[in-house]
Number of protein chains: 2
Amino acid sequence: MIHDNSQSHHNHNQCIKTALATAETLCTEQGQRLTKVRRRALELIWESHRPLGAYQLLAKLAEEGFNSAPPTVYRALDFLLNAGLIHKVESMNAYLGCAHADKAHKGYFLICDQCHNVMEFDYQDIHASLIEKAAQQGFELRSETIELIGLCASCQSAAASAGASA
Amino acid sequence: MIHDNSQSHHNHNQCIKTALATAETLCTEQGQRLTKVRRRALELIWESHRPLGAYQLLAKLAEEGFNSAPPTVYRALDFLLNAGLIHKVESMNAYLGCAHADKAHKGYFLICDQCHNVMEFDYQDIHASLIEKAAQQGFELRSETIELIGLCASCQSAAASAGASA
DNA sequence: AGAGTTTTGTTATGGTATAACAATTAAAAC
DNA sequence: GTTTTAATTGTTATACCATAACAAAACTCT
Ligand SMILES: [Zn+2]
Ligand SMILES: [Zn+2]
Ligand SMILES: [Zn+2]
Ligand SMILES: [Zn+2]
């Protein structure tokens with residue numbers, strides 16, 4: 001596992017702080033500009049481990065005085081996606097901060113359909129199997145969308161105790 | 001591999017014919033009604049191995065005299081999805097016929113980003129790894145979105161010969 | 001035929017994303 | 001440090017994806 005976002009009792013301020021620091025470093029190294037709106041978008045996405053929709057993000061930015069037209073948010077998202085600082089969760093049309101942006105990778109996600117928290121998981125072995133699978137069909141793999149939907153541990157226990165008391 | 005949709009030289013009429021026959025059988029068995037618009041939607045989706053967008057499908061249906069409001073097509077799509085006769089490709093917001101609708105499964109896809117053909121591949125071993133991975137996080141898996149993007153064999157050779165001649 | 005159920009028609013609206021071009025701001029060149 | 005150039009942001013408009021809500025029609029079962 002790459003990043004423990006157990007969602008219940010972790011120091012989430014630390015998540016944000018680390019992510020922002022990494023973003024700074026990466027952008028500086030690569031001569032990319034982490035402008036105000038881009039930085040703030042990243043912070044807002046990192047406010048939780050729930051993926052954030054583009055228009056939700058746009059609303060938050062607008063509240064803070066940023067321009068409120070869609071291109072504002074989609075440009076920021078494009079930048080952050082290209083920089084590897086966030087991922088798009090395709091099955092939710094929403095965006096999630098990446099906790100290990102320093103390593104090039106595609107996000108592999110566990111999505112809880114109860115609490116909507118999403119955690120990213122490590123995948124080297126699955127990645128290898130997928131490349132092989134694809135190669136068997138003569139297919140040259142470039143990118144992956146791996147999204148697993150289900151119940152996270154804490155929602156399972158919540159459901160269990162609710163069931164017991166009912 | 002479950003279904004060879006090599007896209008270049010296979011008998012695609014056979015694909016459609018088989019898919020429609022399977023659809024008939026399944027619907028009859030389960031007391032589901034494959035109405036005109038549902039059947040025609042399925043045929044139109046099966047016209048190629050490229051996923052079809054809801055509004056593309058709607059336009060085709062409208063040309064043929066079906067009602068042209070969005071609910072028409074989304075209802076047909078819902079029916080076909082629930083019946084397991086088609087899959088949704090999340091990363092494309094588009095719909096694809098399933099060639100083995102008789103077995104309950106989630107679609108695992110290889111998507112060519114050159115020609116946009118999509119083929120479904122078998123996944124039992126990957127599926128098992130994913131369940132295990134999820135379980136390691138205390139996660140109970142319910143559903144999966146697995147979409148691999150890259151270059152199919154024929155687009156690779158096309159690119160290779162183009163490169164050689166240039 | 002009548003009652004109940006499923007399917008379809010219709011209108012309206014909400015949510016996601018991009019095109020195109022102008023204005024501004026930051027960086028690079030001189 | 002002013003000019004030139006490139007990157008970013010502002011603005012308007014539009015395209016594409018999907019669902020809510022309620023009315024009408026068609027089918028099923030008795
Ligand atoms: Zn956190
Ligand atoms: Zn990541
Ligand atoms: Zn075919
Ligand atoms: Zn399938």
Side-chain angles (χ1 to χ4, degrees), chain A residues 23-24 26-42 44-45 50-83 85-96 116 145 147, chain B residues 23-24 27-42 44-45 50-83 85-96 113 116 145 147:
Chain A
E24 289 288 0
L26 288 176
C27 290
T28 304
E29 279 175 13
Q30 297 166 20
Q32 300 276 68
R33 292 166 53 202
L34 191 63
T35 61
K36 274 187 192 173
V37 66
R38 290 167 177 175
R39 172 197 309 270
R40 191 60 189 137
L42 184 58
L44 289 167
I45 288 171
R50 292 186 180 86
L52 193 63
Y55 279 70
Q56 291 176 274
L57 176 54
L58 183 58
K60 287 176 189 250
L61 288 170
E63 274 178 18
E64 301 181 6
F66 290 97
N67 184 19
S68 67
T72 298
V73 77
Y74 282 103
R75 283 166 180 158
L77 289 170
D78 279 351
F79 175 87
L80 297 171
L81 285 167
N82 285 137
L85 299 171
I86 62 172
H87 295 291
K88 179 174 185 184
V89 182
E90 293 288 351
S91 60
M92 302 178 75
N93 293 318
Y95 304 84
L96 185 70
H116 301 111
T145 296
E147 302 177 2
Chain B
E24 289 289 0
C27 289
T28 304
E29 279 175 13
Q30 297 165 21
Q32 300 277 67
R33 290 164 54 199
L34 190 62
T35 60
K36 273 186 192 174
V37 66
R38 291 168 176 174
R39 174 197 308 271
R40 190 62 189 137
L42 184 58
L44 289 167
I45 288 171
R50 292 185 180 88
L52 193 63
Y55 279 69
Q56 290 175 275
L57 175 55
L58 183 58
K60 288 175 190 250
L61 287 170
E63 274 178 18
E64 300 181 7
F66 290 98
N67 184 19
S68 67
T72 299
V73 77
Y74 282 104
R75 284 166 180 157
L77 289 170
D78 279 350
F79 175 86
L80 297 171
L81 285 167
N82 284 137
L85 299 172
I86 61 172
H87 296 291
K88 178 174 184 184
V89 181
E90 293 289 349
S91 61
M92 303 178 75
N93 293 318
Y95 303 84
L96 185 70
D113 61 6
H116 303 109
T145 297
E147 302 177 1

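Every chain is numbered from 1, with letters handed out A, B, ... down the list of sequences.
Nearest heavy-atom pair, A:Ser68 versus A:Leu58, reported as atom, atom and distance to 0.1 Å: O-CD2, 3.5 Å. When all heavy atoms of B:Val73 and B:Ala54 are compared, the pair lying nearest together is CG2-O, 3.5 Å. Of all heavy-atom pairs spanning B:Leu42 and B:Leu80, the tightest one is N-CD1, 3.9 Å. Looking at every heavy atom in both residues, B:Ile45 comes nearest to B:Tyr95 through CG2-O, 3.8 Å. Looking at every heavy atom in both residues, A:His87 comes nearest to A:Leu81 through C-CD2, 3.8 Å. Here the closest non-hydrogen pair linking B:Ala76 and B:Ala41 is CB-CB, 4.1 Å.
Distance CG (A:Leu77) to P (D:dT9): 13 Å, rounded to an integer number of Å. Separating the OH atom of A:Tyr74 from the P atom of D:dT14 is a distance of 19 Å, rounded to the nearest angstrom. Going from atom CD of B:Gln56 over to atom P of D:dA18 covers 12 Å, rounded to whole Å. Here the C1' atom of nucleotide D:dC16 and the CE atom of B:Met92 are 14 Å apart, to the nearest Å.
At a threshold of 4.0 angstrom between heavy atoms, the contacts of A:Tyr95 are confined to the sugar-phosphate backbone, with no base atom among them. Among the atoms of the strands shown, none is found under 4.0 Å from any heavy atom of B:Lys36. When heavy atoms are screened at a 4.0 angstrom cut-off, B:Asn93 is found touching the sugar-phosphate backbone but no base atom.
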*For each nucleotide in nucleotides 24-30 of chain D, reading 5' to 3', give B when a protein heavy atom comes within less than 4.0 Å of its base, S when such contact involves only the sugar-phosphate, and - otherwise.*
---S---
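Closest-nucleotide positions on DNA chain D for A:Gln32 and B:Pro71 were compared, and the one nearer the 5' end corresponds to A:Gln32. Both B:Pro70 and B:Phe79 sit near DNA chain C, but only B:Phe79 has its closest nucleotide nearer the 5' end. Nearest-nucleotide positions on DNA chain D place A:Ala69 closer to the 5' end than the other of A:Ala69 and B:Arg75.
Residues A:Glu90 and A:Thr145 bring no donor and acceptor atom of their side chains to less than 3.5 Å of each other.
Side-chain contact between A:Leu96 and A:Arg50 is absent, with no heavy atoms from C-beta onward closer than 4.5 Å.
The shortest distance between the side-chain N/O atoms of A:Asn67 and the OP1/OP2 oxygens of D:dG10 is below 4.0 Å.
By the 5.5 Å and 30° criteria, B:Tyr55 is not stacked with the base of D:dC16.
Protein chain A touches strand DNA chain C; the 5'-most and 3'-most nucleotides with an atom under 4.0 angstrom of its non-hydrogen atoms are C:dT16 to C:dA27.
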